[in-house]
Amino acid sequence: MNTTELEFEKSLIELENHLTQLEAFAQEHPELDLTEGIDALKQNADVLTKQTFQKLSRWDKVRLARHAQRPQASFYINALLDEPTELHSDKLYGDDRALIGGFAWFDGQPLVYLAQQKGTNLEERQEMNFGYTHPEGYRKARRLMQLANKFNRPIICFVDTPGAHFDLRSEEYGQAMAIAENLAEMMQLRVPILVVIIGEGGSGGALAIAVGNRVLMMEYAVYCVAPPEACSGIVWKDKGEHAPEATEGYKPTAPDLLKLGIIDQVIREPLGGAHRDPEAAARTVRRAIRKHLTELMQMTPQQLVQQRYERYRDIGLYGEDPVVDTA
C-alpha cells in the first residue's frame, strides 16, 4: 500500500489496479473479447467508490483534506488563471513561500490572486513551512489586497493551511497584528473578494485571507476554528487521541458549514476526491468561480462592502433577532 493512501482507499485502488492490468492484457491479446468483463469491473469500481465515500466520517474527510496527493493552490493557479505573475515579499522583513500571490487573468478579467500552499515534496514543504503562514506572508497578502483595491481588480483567494505559524519568531514579528490588519483590510475593500477553500481552512491562519463576499468550499475540504487535534487537547487534555470525536462535535466539513451559513457553495469533487482526477476538479472549480465572480462584478463598490459586512455580522445568529446598528 502506498504510504499516501488512506485505509478506506486501499480496496478501491486494488480494484483499479486489477482493472488496469485487465485492460493491458486485453490490448496485448486482441483476439480475446474482454469488453464485458472490463465494463463489469468498471461498474463495480464505481459502485464500491460511491458506497465507500457515502459512509465517510467527518474525521475521514479531515484526512482527505490533508491528503498528500490533493491538488494544491499552485495547480489551480496554473490550471485556471492566465499569465499568473507572482509578486514577492512584504517589503518589510522578507518573503513567505507558504503564501503566494500576484496578478493574473481569468476569462479575460484581470485580477489579484492569493493562495496558501503546503508543498508537494519534502523540500517544498520545508520551504513552505508545511503550509503554516508567517507574518511576512499575511503582510504580503495585505499589500496585494491594497493593490487590487487601487487598480479595481477582484481578488480570488485559494485557502489551504493548517493554521498560522505559531513559533516564537512569528509572535515577535507580529503574527497577531498581521492577521488582525488583514481582517480589517478585507472588510473595507471596494472590490469583489471570492474565497475558495481547497484543503484545510485552519483557524485565523485561514481567515486572514478568507473574508470574502462569497466563500466556496471543495466537497472534502474542512474549515474550522482549530485543528481537531488541538480541540482534543483542549477538551480531553490529551495529545490528540480524541481528534475523531472532536471532529464529530464541531462539524468542520463542507455540508455542515453550508447548513450553518458559513459558506455559500459546496464544490463537488470527482468520485474518490480531487486527488483522483485533478483536471476534473479544476473544471468544476472554474465553473463555480465563473458563476460567482460574474455575479459579484455586477455589484457596486458600496454594495460589495455592505454585503461583506452584513455577511459576517449575520454569522452566529441562531433564532435571535438581528442586532440593529444605529451608529
Side-chain angles (χ1 to χ4, degrees), residues 62 65-68 70 72-75 77 84-102 112-148 155 157-187 189 193 195 197-212 221-235 237-240 243 246 252:
V62 169
R66 298 170 173 174
H67 201 293
R70 190 172 179 83
Q72 297 196 20
S74 57
F75 168 78
I77 290 168
T85 303
E86 185 179 351
L87 301 185
H88 297 270
S89 178
D90 65 347
K91 302 303 180 184
L92 185 62
Y93 291 115
D95 193 37
D96 182 11
R97 299 300 299 146
L99 197 152
I100 60 175
V112 166
Y113 69 89
L114 300 172
Q116 292 161 320
Q117 54 182 15
K118 300 175 180 178
T120 57
N121 54 50
L122 180 58
E123 183 179 358
E124 282 188 358
R125 291 188 181 104
Q126 290 175 331
E127 179 188 357
M128 298 169 184
N129 315 313
F130 294 84
Y132 290 94
T133 310
H134 281 113
E136 295 93 316
Y138 294 122
R139 280 191 282 265
K140 175 171 60 176
R142 185 180 177 215
R143 184 167 72 90
L144 286 164
M145 294 173 196
Q146 292 170 340
L147 286 173
I155 301 171
C157 304
F158 296 99
V159 175
D160 187 15
T161 180
H165 211 293
F166 48 85
D167 63 350
L168 178 60
R169 178 193 175 280
S170 294
E171 295 302 322
E172 291 176 341
Y173 278 59
Q175 184 72 288
M177 180 63 74
I179 293 174
E181 287 176 341
N182 278 20
L183 300 181
E185 190 76 38
M186 296 187 88
M187 287 303 300
L189 293 176
I193 305 175
V195 177
I197 302 169
I198 59 174
E200 284 188 278
S203 189
L207 189 60
I209 66 164
V211 179
V222 293
Y223 192 26
C224 51
V225 68
E229 294 84 354
C231 290
S232 176
I234 293 169
V235 177
K237 311 299 181 184
D238 61 11
K239 295 183 179 180

| Pairwise distance CE(Met128) to OG1(Thr161) - rounded to 0.5 angstrom | 12.5 Å
| query | So do Tyr173 and Asp167 actually touch side chain to side chain, heavy atoms under 4.5 Å? | reply | no
| query | So, do Pro227 and Arg66 sit near enough that their side-chain heavy atoms are less than 4.5 Å apart? | reply | yes
| task | Working to the nearest 0.5 Å, report the span between CD1 of Ile155 and CG of Leu189. | result | 5.0 Å
| note | Heavy-atom nearest pair, Ala148 first then Val112, reads CB-CG2, 3.6 Å
| task | Report the distance from atom CD1 of Ile100 to atom CD of Gln117, rounding to the nearest 0.5 Å. | result | 4.0 Å
| query | In Å and rounded to the nearest 0.5 Å, what is the CD to OG distance from Glu136 to Ser89? | reply | 8.5 Å
| query | So, for Gly201 and Val159, which heavy atoms are closest and what is the spacing to 0.1 Å? | reply | CA-CG1, 4.0 Å
| Salt-bridge criterion met for Arg143 and Asp90 (N-O under 4.0 Å) | no
| task | Check the pair Phe166, Tyr132 against ring pair (Phe, Tyr, Trp, His ring centres under 6.0 Å), reporting the backbone distance first and the verdict last. | result | CA-CA 8 Å; Phe166 48 85; Tyr132 290 94; 5.5 Å; yes
| message | Quick check: do Ile193 and Val211 have side-chain heavy atoms less than 4.5 Å from each other? | response | no
Quiz: residues 174-182 side-chain donor-acceptor pairs under 3.5 angstrom, not counting sequence neighbours:
{"residue": "Gln175", "atom": "NE2", "partner": "Thr133", "partner atom": "O", "Å": "3.0"}
{"residue": "Gln175", "atom": "NE2", "partner": "His165", "partner atom": "O", "Å": "2.9"}
{"residue": "Glu181", "atom": "OE1", "partner": "Arg142", "partner atom": "NH1", "Å": "3.3"}
{"residue": "Asn182", "atom": "ND2", "partner": "Tyr138", "partner atom": "O", "Å": "3.1"}
{"residue": "Asn182", "atom": "ND2", "partner": "Ala208", "partner atom": "O", "Å": "3.3"}

| field | Gln116 side chain to Gly205 backbone, donor-acceptor under 3.5 Å | value | yes
| query | What's the shortest heavy-atom distance between Ala73 and Ile198, and which atoms? | reply | N-CD1, 3.5 Å
| remark: Across all chains, not counting sequence neighbours, the salt bridge (charged side-chain N to carboxylate O under 4.0 Å, His left out) partners of Asp160 are Lys118
| said: Is there a side-chain contact between Tyr93 and Arg139 in this structure, where contact means two heavy atoms from C-beta onward sitting under 4.5 Å apart? | reply: yes
| remark: Tightest non-hydrogen contact, residues Ala141 and Leu99, listed as CB-CD2, 3.9 Å
| said: As an exercise, state the distance from CG of Asn129 to CG of Asp96, rounded to the nearest 0.5 Å. | reply: 5.5 Å
| note | Closest heavy-atom pair, Phe158 versus Ile209, reported as atoms and distance to 0.1 Å, is O-CD1, 4.1 Å
| message | Are Arg169 and His134 packed together at the side-chain level, in the sense that at least one heavy-atom pair is separated by less than 4.5 angstrom? | response | yes
| field | Heavy-atom check, side chain of Leu147 versus side chain of Leu87, under 4.5 Å | value | yes
| field | Minimum heavy-atom distance Ala65-Arg70, with the two atoms named | value | O-CD, 3.4 Å
| field | Pairs touching residues 119-131 that satisfy salt bridge (charged side-chain N to carboxylate O under 4.0 Å, His left out), sequence neighbours left out | value | Arg97-Glu127
